[in-house]
Number of protein chains: 2
Amino acid sequence: MPFNSMELECKKLQSKEDKAEHKKEMKAVQDSMDVLNGKWKIAIISSICYYNKRRFSDILNDVAGISNKMLSKELKELEINQLIKRTVLDTQPVSVQYELTEHGLTLKTIINNLTAWGMEHRKKIIGK
Amino acid sequence: MPFNSMELECKKLQSKEDKAEHKKEMKAVQDSMDVLNGKWKIAIISSICYYNKRRFSDILNDVAGISNKMLSKELKELEINQLIKRTVLDTQPVSVQYELTEHGLTLKTIINNLTAWGMEHRKKIIGK
DNA sequence: CAGTATCCAAAGGGATACTG
DNA sequence: CAGTATCCCTTTGGATACTG
């Protein structure tokens, strides 16, 4: 991934170009957050990723607390954003398989980081 | 950061221990998302980080579209989670400075990744 | 099994005005 | 300047029931 992490270091002095660049970065972060918004998206992705292929009712069980209505809605949004692929299997009764697209797989780094950070945060703030 | 990224690779076979581990990881991701939830948190953090220290009204301007009510609420939550530090300056009229804590600074990797991913996503989906 | 449809309470959040 | 307070409309999302 062609990305220079130095670009986002905290700076004390900013040129006009730097500020324009920062605006762009803010927009990019918003784009990501919009795609991942809601309580469930990342958990759903994580579940599908973990099992490689996963059916509706399986995800419903994996993601603690989600309702079928919510799952259906979130899956639709993820599909629109081309993060997952939906396949109807010719079984009786019908079953539907979800898997990550290549684009969806690029989220893995972020999920890894969020996992690591969440664990640290829990240790630090929420309790030992 | 002591974190083995291989732990989160997508797997085809799962042992009982793997599944338990996955549950933990899901919870950790949820923790992170809870802390960062809402439309504005990351943008606020990004603004403060970029300028190192930033006042209320400055952030209000940096984050396009946010209302003072929302900003106030979000800043409070970030402070509770010990991501930012609030300092009242003895000026006339009073001004308040926000800066990231050390713990807040550990979010930088995630913000960097979200920025990079958002840019790729925009190119790919939203349109060049 | 994989959703949809409906009802409805609660939360979210903008606009505006006000305070120390 | 840095918030609070209030009004009020919109969105969210759980519970439940229903469909192909």
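Residue numbering restarts at 1 for every chain, and letters A, B, ... go by the order of the sequence lines.
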Polar side chain donor-acceptor pair, B/K108 to B/N112, under 3.5 angstrom: no
Nearest-0.5 Å distance, CD1 of residue A/I45 to CZ of residue A/R54: 15.5 Å
Minimum-distance nucleotide (side-chain atoms of B/S57 versus C/dG3, D/dA2, D/dG14): D/dA2
Distance, rounded to the nearest Å, where A/D58 contributes CG and C/dC1 contributes C1': 11 Å
Criterion salt bridge (charged side-chain N to carboxylate O under 4.0 Å, His left out) against A/D31, the qualifying member of B/R122, B/K124, B/K123: B/R122
Nearest to side-chain heavy atoms of A/N68, which nucleotide of C/dA2, C/dG3, D/dG14: C/dG3
Atom-to-atom span, CD of B/Q92 to P of D/dA2 - whole angstrom: 12 Å
Contact under 4.0 Å: B/S72 side-chain N or O vs D/dT4 OP1/OP2: yes
d(CG, B/L89; C1', C/dG20) in whole Å: 17 Å
Contact summary for B/A28 and A/M119, nearest pair of heavy atoms: CB-CG, 3.6 Å
Side-chain N,O (B/K69) to OP1/OP2 (D/dA5) below 4.0 Å: no
Gap between atom CG of B/D62 and atom NZ of A/K19 - 0.5 Å precision: 8.5 Å
Among D/dA5, C/dA2, D/dA2, the nucleotide that comes nearest once only the side chain of B/V96 is considered: D/dA2
Residue closer to the 5' end of DNA chain D, B/S95 versus A/S67 (nearest nucleotide): B/S95
Nearest listed nucleotide, side chain of A/K76, among C/dG20, C/dT4, C/dA2: C/dT4
B/Y98 vs D/dG3: side-chain N/O to OP1/OP2 distance below 4.0 Å: yes
C/dA11 phosphate, OP1 or OP2, under 4.0 Å from B/K73 side-chain N/O: no
Phosphate contact (D/dG3 OP1 or OP2) by B/R86 side-chain N/O below 4.0 Å: yes
Nearest to side-chain heavy atoms of A/R55, which nucleotide of C/dA2, D/dC1, C/dG13: C/dA2
Side-chain donor-acceptor pair present, A/S46, B/H22, cut-off under 3.5 Å: yes
B/D34 CG to C/dA11 C1', straight-line distance once rounded to whole Å: 15 Å
Heavy-atom donor-acceptor pair, B/Y50 side chain to A/D18 backbone, under 3.5 Å: yes
Atom-to-atom span, CD1 of B/I66 to P of D/dG3 - whole angstrom: 12 Å
Stems where DNA chain D pairs, listed by first number, each of three or more Watson-Crick or G-U pairs under 3.5 Å: C:1-20 with D:1-20
Listed nucleotide nearest any side-chain atom of B/F56, set D/dA2, C/dG14, D/dT16: D/dA2
Among D/dC1, C/dT16, D/dG14, the one nearest A/K39 by side-chain distance: D/dG14
Interatomic distance where CE belongs to B/M70 and C1' belongs to D/dT10 [whole Å]: 13 Å
Side chains of A/T106 and B/E120 in contact at under 4.5 Å (non-hydrogen atoms): no
